[in-house]
Structure formats: structure tokens, C-alpha cells
Amino acid sequence: MNEDILSFIWRFQYFANEALCTDEGSQLSILRTGHRNANAGPDFSEARVNIEDCQWVGSIEIHVKSSDWFLHNHETDPAYETVILHVVWENDRPIIRHDGTLLPTLTLKNIVNQSVLERYATLQDETETIPCASMFAQVHDIQKYGMLDRVLLERLDRKAALVMDLLSNNNNDWEETAYQWLGRHFGFKLNDAPFARLTEIVPWKIIRKHREKVNQIEALLFGCAGLIPTDSNDPYIRQLRAEHQFLSAKYGLKDQQMNGHEWKNLRMRPAGFPTVRLAQFARLLHKNGNLFPEIISAQSFSSLQGMFQIEQSDYWQDHYLFGKKSKGKVPFLGKDSANLLIVNGAVPLLVAYAKHRQQPELLEKAIYWLSEIGTEKNRITREWEILGMNVKTAADSQALIEWYNNYCTFRKCLECTVGATLVRSVSP
């Protein structure tokens, strides 16, 4: 038993409520269960109940045991003075208000609909990674795809919030924020952290001053990343090292150099090595002087996609690592990688800007971008496909990933449209 299922039972009234009485013996009728409170304070607000023909309007607090009131220190919190009814599974201790009156209590243990508890327990005890997998087909597609739309917006909101946090740290500088946000996603997960750190060490205002010369951008990035060899006679490496020494002294970056071991390439295809990704990032900065405006004002998806399909500089077209020539040509940043940068980089930036400027048409544009990209294929999307969720676009796969990670993984079935439908009834 937990407060989540008790709140669910209270909200949907899954208990015998005819001739209902409080534990104190007073007649009780529920006129309105109230609104679930996601913030601090009582669990439900603006509830309305009749107790002995006297109508009360206020809050409802839910606990497994009534003594949890003291365990959670509600007796010292003025916000709980608005509670008009204490709904519990077990009443093991009376609650006295500050004015000396007894707080009315309703115990659900002996009046709850047992089938609801059984269906909830079935989902919670399921060993499958998607708890409702064996019952998923029982739910109508309307609920399934309604949930899909909902979690897509939740994912966009969550990522936009991360962008807004970064924006706040950058004193509302959108260009610096776009540079840092896109930079970290050039790490393609494994090197996200070192890329993020590098874009903090080398700020956008310095990059912008040297964007006309890609070799200077490379010198700043590779040098501060701690990746330029110190003992090579390779002409490119010597030029890069000299350029970095000059620029790092000019901008006071000498003491902020990263260690080369911070970058990972273990079990990675050479085309994804951090050296190659840094060269591609440098070329993106060289090619697009104003990243943020170009993303926001992109007139078509194809133009946006073309922006991220980067051909790195000559040296990195036949090198994966410094001083080691590759056997064949090093691949450019192609369509699939560009799409990942759009999904994880450009879309959250646009959504954050849409919310900041209160321009819903930009949110629609971001969703359109996702709909132009094919669905991602990974372990999570394959599990959903087995259940019949045949999706076609990145908007769908992003939603499925959010659904899985934030609901299925944590067994938040009661907050899921599909899970709640199954708990309420076994029929569609």
C-alpha cells in the first residue's frame, strides 16, 4: 500500500460511498474530490464535502497511516490548516487541529474496491520492463496514442527546461547557450560531458572572433581539450600547437586546459572519435557564424539538415587521430548524425525559445522537424514495436523513449493513461 494508489482510489472514488461515515461516526458525502496538487502542501485542493449536513471546502490529505501526519511534520505547517478530511488506509492515531478540534478521518481499508488493488498489484509485480506488456492489447488505441502525444510534449518541456537553465547561467545570452548546447551534443552521449566542459572553457565570444579561419577554431578547441601532441613534427600538429599557444596566451586560457584522458573512444567506431567530432564541430562554427539565428530562422527542414551535414577540414578527412593516417577516407558528418543533432540539439533550443517568447508556432515548427526524421531504432523502440506501437517518425520514437524512461522504469502506472485504464478496468 502507498499514497499513490490511495490518491488514485480517492480521485476516482473506487470505494463504497453509500451511507458513508467518517471514523468518528459523522455522515459524510463527497461533492468534489478536489484537484491533485503537484507542489508542496496537501494532496488535493479545492475539495468539497458534507459532514453532518455542514458543507466544508478545503484540502484533502492522503496517508497510508494517520500517524504519518506527524511523521511528515504537518502539525507544524500552516498550509495543512486547510485540510477538511484526512483520507487514510489505516487510522492508528487521531489528529487534533491547533484549535483543539478533531480532524475528520475516512479509513479506506474496509471499503475499497479490491479489484482495483489487485490490478494495481499485478502491474507493480510484473517483471517485464514495460509492466503492462501482457495486457497492452486490452487498451484502445485512443488511450495509447493519446499518451504518446502527451509524453512527447513532456519530453520537449523537460529538454527545454534544461536549455532555459543553461540560458540563465549565460545571463540570457541565446548565442552562447546555443553554442554550448549544440557543442555538448557533438559528444553523441559518450563524450557529452567533456564537450560541455570545453564549450565553457572556450566561450562563444572568442570563437566568434576567429570564425573566419577554421584552423584557429581547431587550435582553440583541440588545444583546450588537451589533445594536441607535444612531441610531433607533423606540420599540421606543429601549426596547431603554435596557434594554440598564441591564442591561449592572448585570452588567458593556459590554466584551463583539459586532460586528454577525459575524452573517450573505447569501443567506438573511428568516425565517432572525439578528434573527428571536434573537427566537425569546428567546421560547423566556421561555416555558420551565427548558430542560434540560423537554427531559429531555418526556412525548411532540408536547409536545417544541410547545416549539420559537415565536411571536416582536409587533415581530418584522412586522419582519425593525430599523426596516424587512416587507411581510407574518414566519413563526413552524414544524414543520420545530422538528424541526431537536430533531435537532441536544435529541437530543444527551438522549443525553449518558443516558450520564452510565447510563440506556439515555433513549437509546431519543432514538432514538424521531428516528424520529418525517421524513427530511431534502439532497444526501447523495439520493445514498443513488439507491443504493436508501429511508429514512423522521430517524434514518435522520442515519445516512446520518454514513456519508457519516466513511467515504465519507475512503475508510475497510475500516472500513465494506459496503466490507469488497466487498473480501473480490464476491458478496453
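Both backbone and side-chain heavy atoms feed into the values below; hydrogens, waters and symmetry mates do not. One-based numbering along the sequence shown.
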**Q** May I ask you to check whether Asp234 and Ser232 show a side-chain donor-acceptor distance below 3.5 Å?
**A** no
**Q** Does Asp192 reach the main-chain N or O of Lys189 with its side chain, forming a donor-acceptor pair under 3.5 Å?
**A** yes
**Q** Does a donor on one side chain and an acceptor on the other come within less than 3.5 Å for Gln124 and Arg411?
**A** no
**Q** Any sub-3.5 Å donor-acceptor pair from Arg48's side-chain atoms to Arg32's backbone N or O?
**A** no
**Q** About how many Å separate CG of Asn191 and CZ of Phe273, when rounded to the nearest 0.5 Å?
**A** 10.5 Å
**Q** On the ring face of Phe44, is Arg11 found with NZ or CZ under 6.0 Å from the centre and within 45° of the axis?
**A** no
**Q** Taking all non-hydrogen atoms of both residues, which atom of Val112 and which atom of Phe15 are closest, and how far apart?
**A** CA-CB, 3.8 Å
**Q** Evaluate the side-chain proximity of Leu221 to Ile207: yes if any heavy-atom separation is below 4.5 Å, no if none is.
**A** yes
**Q** With no hydrogens and no angle check, just 3.5 Å: does a side-chain donor-acceptor pair link Gln180 and Thr199?
**A** no
**Q** Should Glu175 and Asn290 count as side-chain neighbours, where that means a heavy-atom distance under 4.5 Å?
**A** yes
**Q** Any heavy-atom pair between the side chains of Ile295 and Met307 that's under 4.5 Å?
**A** yes
**Q** How close do Thr122 and Met135 get, counting heavy atoms only, and between which atoms?
**A** CG2-CE, 4.2 Å
**Q** Mark yes or no for whether Trp204, through its side chain, and Ala178, through its backbone, hold a donor-acceptor pair below 3.5 Å.
**A** no
**Q** More than 12 heavy atoms of other residues, nucleotides or ligands under 6.0 Å from NZ of Lys65: is that the case?
**A** no
**Q** Do Val163 and Thr177 have side chains that approach each other closer than 4.5 Å (heavy atoms only, starting at C-beta)?
**A** yes
**Q** Rounded to the nearest 0.5 Å, how far does CG of Asp336 lie from NZ of Lys377?
**A** 12.5 Å
**Q** Between Arg36 and Asp4, which heavy-atom pair has the shortest distance, and what is it?
**A** NH2-OD1, 4.2 Å
**Q** Below 4.5 Å, heavy atoms only, C-beta onward: do Arg211 and Leu285 meet side chain to side chain?
**A** no
**Q** Do Ser397 and Thr381 have side-chain N/O donor and acceptor atoms under 3.5 Å apart?
**A** no
**Q** Heavy atoms only: give me the nearest Lys324-His319 pair and the separation to one decimal.
**A** O-CD2, 3.3 Å
**Q** Taking everything shown except Arg93 itself, do over 12 heavy atoms lie less than 6.0 Å from its CZ?
**A** no
**Q** Under 3.5 Å, is there a donor-acceptor pair linking the side chains of Asn406 and Glu154?
**A** no
**Q** State whether the number of non-hydrogen atoms from other residues, nucleotides or ligands found under 6.0 Å of Lys412 atom NZ is greater than 12.
**A** yes
**Q** Quick one about Arg277 and Gln280 (side-chain donor to acceptor, distance below 3.5 Å, no hydrogens or angles considered), yes or no?
**A** yes
**Q** Taking C-beta and beyond as the side chain, do Leu350 and Trp369 meet within less than 4.5 Å on heavy atoms?
**A** yes
**Q** Do you know which two heavy atoms are closest between Pro194 and Glu262, and how far apart they sit?
**A** CG-O, 3.7 Å
**Q** Mark yes or no: Arg424 above the aromatic ring of Tyr14, with NZ or CZ under 6.0 Å from the six-membered ring centre and no more than 45 degrees from the axis.
**A** no
**Q** Is the closest side-chain donor-acceptor distance between Asn2 and Tyr120 under 3.5 Å?
**A** yes
**Q** Could you check whether any side-chain heavy atom of Arg184 comes within less than 4.5 Å of a side-chain heavy atom of Arg197, counting everything from C-beta outward?
**A** no
**Q** Would Gln257 and Ser248 count as having a side-chain donor-acceptor pair, cut-off 3.5 Å?
**A** no
**Q** Please determine whether a side-chain nitrogen of the Lys or Arg among Asp141 and Lys144 lies less than 4.0 Å from a carboxylate oxygen of the Asp or Glu.
**A** yes
**Q** Could you state the interatomic distance from CD (Gln143) to OG1 (Thr417), rounded to the nearest 0.5 Å?
**A** 7.5 Å
**Q** Okay, side chain of Trp403, backbone of Val151: is any donor-acceptor separation there less than 3.5 Å?
**A** no
**Q** May I ask you to decide if Tyr320's main-chain N or O and Lys325's side chain share a donor-acceptor pair within less than 3.5 Å?
**A** no
**Q** When you measure from the side chain of Ser337 to the backbone N and O of Leu333, does any donor-acceptor pair fall under 3.5 Å?
**A** no
**Q** Apply the test side chain to side chain contact (heavy atoms under 4.5 Å, CB included) to residues Ile96 and Leu103: give CA-CA distance (whole Å), side-chain angles for both, the deciding distance (0.1 Å), then the verdict.
**A** CA-CA 6 Å; Ile96 307 299; Leu103 177 63; over 6 Å; no
**Q** Is the number of heavy atoms from other residues, nucleotides or ligands within 6.0 Å of CG (Asp99) greater than 12?
**A** yes
**Q** Is there a donor-acceptor pair under 3.5 Å between the side chain of Gln359 and the backbone N or O of Glu361?
**A** no
**Q** Taking the side chain as every heavy atom from C-beta outward, state whether Glu75 and Ile95 have any pair of such atoms under 4.5 Å apart.
**A** no
**Q** Working to the nearest 0.5 angstrom, can you tell me the gap between Ser59 OG and Leu85 CG?
**A** 11.0 Å
**Q** Can you tell me how far the OG atom of Ser371 sits from the CZ atom of Phe301, to the nearest 0.5 Å?
**A** 8.5 Å
**Q** Under a 4.0 Å N-O cut-off, is there an ion pair linking Asp173 with Lys205?
**A** no
**Q** State whether the number of non-hydrogen atoms from other residues, nucleotides or ligands found under 6.0 Å of Phe246 atom CZ is greater than 12.
**A** no
**Q** Any sub-3.5 Å donor-acceptor pair from Ser326's side-chain atoms to Asp318's backbone N or O?
**A** yes
**Q** Give a yes or no on whether the ring-centroid distance for Phe195 and Trp263 is below 6.0 angstrom.
**A** yes
**Q** So, does His74 use its side chain to make a donor-acceptor pair with the main chain of Phe70 at under 3.5 Å?
**A** no
**Q** With distance as the sole criterion, is a donor-acceptor pair present between the side chains of Ser45 and Asn37 under 3.5 Å?
**A** no
**Q** Show, in sequence, the C-alpha distance, side-chain angles and deciding distance for Met389 and Leu148, and conclude whether the side chain to side chain contact (heavy atoms under 4.5 Å, CB included) test is met.
**A** CA-CA 10 Å; Met389 294 295 286; Leu148 197 69; 4.3 Å; yes
**Q** More than 12 heavy atoms of other residues, nucleotides or ligands under 6.0 Å from CD of Gln358: is that the case?
**A** no
**Q** Between Trp174 and Tyr353, is the ring centroid distance below 6.0 Å?
**A** yes
**Q** State whether Arg158 and Glu402 are salt-bridged, where the test is any N-O pair (Lys NZ or Arg NE/NH1/NH2 against Asp/Glu carboxylate O) under 4.0 Å.
**A** yes
**Q** Check the side chains of Glu218 and Ser313 for a donor-acceptor pair under 3.5 angstrom, ignoring hydrogens and angles.
**A** yes
**Q** Under a plain distance cut-off of 3.5 Å, with no hydrogens placed, do Asp43 and Ser7 share a side-chain donor-acceptor pair?
**A** no
**Q** Do the ring centers of His63 and His72 come within less than 6.0 Å of each other?
**A** yes
**Q** Checking the side chain of Thr409 only, and the main-chain atoms of Tyr404 only, is there a donor and an acceptor separated by less than 3.5 Å?
**A** yes
**Q** Return the NE2 to CG distance between His86 and Leu106, rounded to the nearest 0.5 Å.
**A** 10.5 Å
**Q** Measure across Gly323 and Tyr315 and return the closest heavy-atom pair with its distance rounded to 0.1 Å.
**A** N-OH, 2.9 Å
**Q** Establish, yes or no, whether a centroid distance under 6.0 Å links the rings of Trp316 and Phe322.
**A** yes
**Q** Using the side-chain hydrogen bond (donor to acceptor under 3.5 Å, both in side chains) rule, pick out the option among Gln256, His210, Lys209 that qualifies with Tyr251.
**A** His210
**Q** Between Gln398 and Arg155, is the side-chain hydrogen bond (donor to acceptor under 3.5 Å, both in side chains) condition met? List the steps.
**A** CA-CA 8 Å; Gln398 284 283 292; Arg155 186 171 183 82; 2.7 Å; yes
